[in-house]
Amino acid sequence: MGGVASGRLMRISIVSIFPGLIRSLCEHGVIGRAIDQGLVPVQTFDPRAFTKDKHRSVDDRPFGGGPGMVMRPQPLVDAILAGRSHVGDGARVVYMSPQGQVFNRDKAAELAGLPGLVVVAGRYEGIDERVIDGWVDEEVSVGDYVVSGG
């Protein structure tokens, strides 16, 4: 298994429109201790920082129609690219999605063996399908329920 157990550093980037929430969660418990000890560098990337309009819009109607709003491709892809540059080569981009493979012990072990991980937290009705098709390596689900903040 990789990650801390093998003595290899695993870098994690989290793409979220709530970077303060993520940073707050990373200050406590086992994760907080690992970050404090420099074992697992975690950095957040807010898609709003990559927008090109004055309102810093990250939502849009789904490409091809449909109800609700999805996250826009441009700021999301730019945030993913920034996250990838933080974690380096060999990283996997994982979109947290209710349609994804369930996150369990085996999936945790698999992901822990990677040199880096970019975790994309969705919002609204999800993210634009073009981002999933072109920039996401896999979808992972934490369960059959809705999590506040993606």
Side-chain angles (χ1 to χ4, degrees), residues 1-6 8-26 30-31 34-35 39-53 55-150:
M1 184 185 317
V4 176
S6 70
R8 191 169 35 115
L9 187 69
M10 178 187 200
R11 295 178 167 279
I12 300 174
S13 294
I14 302 175
V15 176
S16 170
I17 61 171
F18 299 111
L21 176 65
I22 301 300
R23 284 190 296 269
S24 176
L25 292 171
C26 290
V30 174
I31 295 171
I35 292 169
L39 300 173
V40 184
V42 175
Q43 186 162 345
T44 59
F45 295 88
D46 184 351
R48 289 189 196 284
F50 299 91
T51 60
K52 306 214 186 285
D53 67 317
H55 301 291
R56 297 177 51 189
S57 301
V58 293
D59 60 326
D60 203 355
R61 299 228 176 267
F63 182 73
M69 302 294 272
V70 296
M71 293 183 75
R72 287 178 174 221
Q74 175 271 313
L76 193 55
V77 167
D78 289 350
I80 290 169
L81 291 173
R84 276 179 102 47
S85 72
H86 171 254
V87 297
D89 294 335
R92 192 175 303 168
V93 177
V94 174
Y95 167 49
M96 303 308 297
S97 162
Q99 292 87 251
Q101 180 183 354
V102 175
F103 185 77
N104 58 25
R105 183 183 179 108
D106 291 339
K107 178 52 73 175
E110 175 190 336
L111 296 176
L114 299 172
L117 189 61
V118 178
V119 179
V120 180
R123 182 78 172 132
Y124 313 112
E125 296 294 320
I127 65 176
D128 190 293
E129 194 67 31
R130 295 171 292 182
V131 176
I132 295 171
D133 292 341
W135 300 96
V136 170
D137 296 313
E138 70 178 293
E139 297 179 59
V140 173
S141 172
V142 293
D144 191 18
Y145 48 87
V146 176
V147 178
S148 178

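Count residues from 1 along the sequence.
Shown here is Asp133, whose CG atom has more than 12 heavy atoms of other residues, nucleotides or ligands within 6.0 Å. In the displayed structure, Leu25 atom CG is contacted under 6.0 Å by more than 12 heavy atoms of other residues, nucleotides or ligands.
Smallest separation of non-hydrogen atoms from Thr44 and Pro19: OG1-CB, 3.5 Å. Residue Gly90 comes nearest to Leu114 through the heavy atom pair O-CD2, 4.4 Å, listed as atom of the first residue, atom of the second, then distance. In terms of heavy-atom proximity, Ala91 sits nearest to Asp137 at O-OD2, 4.1 Å. Considering all non-hydrogen atoms of both residues, Phe50 and Ala82 come closest at CZ-CB, 3.6 Å. Listed here is the closest heavy atom pair of Pro73 and Arg130: CG-NH2, 3.4 Å. Closest approach of Pro47 and Ser16 over heavy atoms only: CD-O, 3.4 Å.
Without hydrogens or angle criteria, Ser141 side chain to Gly143 main chain gives a donor-acceptor distance under 3.5 Å. Distance alone, capped at 3.5 Å, places no donor-acceptor pair between the Arg72 side chain and the Val58 backbone.
Side-chain contact between Ile14 and Phe45: absent, with no pair of heavy atoms (C-beta onward) separated by less than 4.5 Å. Taking the side chain as every heavy atom from C-beta outward, Ile80 and Val120 approach each other to under 4.5 Å. Counting heavy atoms from C-beta outward, Asp46 and Arg56 have side chains that approach closer than 4.5 Å. For the pair Gln101 and Glu139, the minimum side-chain heavy-atom distance is 4.5 Å or more. Using a 4.5 Å heavy-atom cutoff, the side chains of Val118 and Val15 are in contact. In this structure the side chain of Tyr95 reaches within 4.5 angstrom of the side chain of Ile127, judged on heavy atoms. Annotation: side chain of Val94 is in contact with side chain of Leu117 (closest heavy-atom distance under 4.5 Å).
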Derivation and outcome, side-chain hydrogen bond (donor to acceptor under 3.5 Å, both in side chains), residues Arg84 and Ser13: CA-CA 7 Å; Arg84 276 179 102 47; Ser13 294; over 6 Å; no
Using the rule given for side-chain contact (heavy atoms from CB on, under 4.5 Å), can you reason through Leu76 versus Asp128, listing the C-alpha separation, both sets of side-chain angles and the distance that settles it, and then say yes or no? CA-CA 9 Å; Leu76 193 55; Asp128 190 293; over 6 Å; no
Would you please test Val42 and His86 for side-chain contact (heavy atoms from CB on, under 4.5 Å) and show each step? CA-CA 9 Å; Val42 175; His86 171 254; over 6 Å; no
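Residues that satisfy the salt bridge (charged side-chain N to carboxylate O under 4.0 Å, His left out) test with Glu138, not counting sequence neighbours, are Arg92, Lys107.
Rounding to the nearest 0.5 Å places CZ of Arg11 at 10.0 Å from OG of Ser85.
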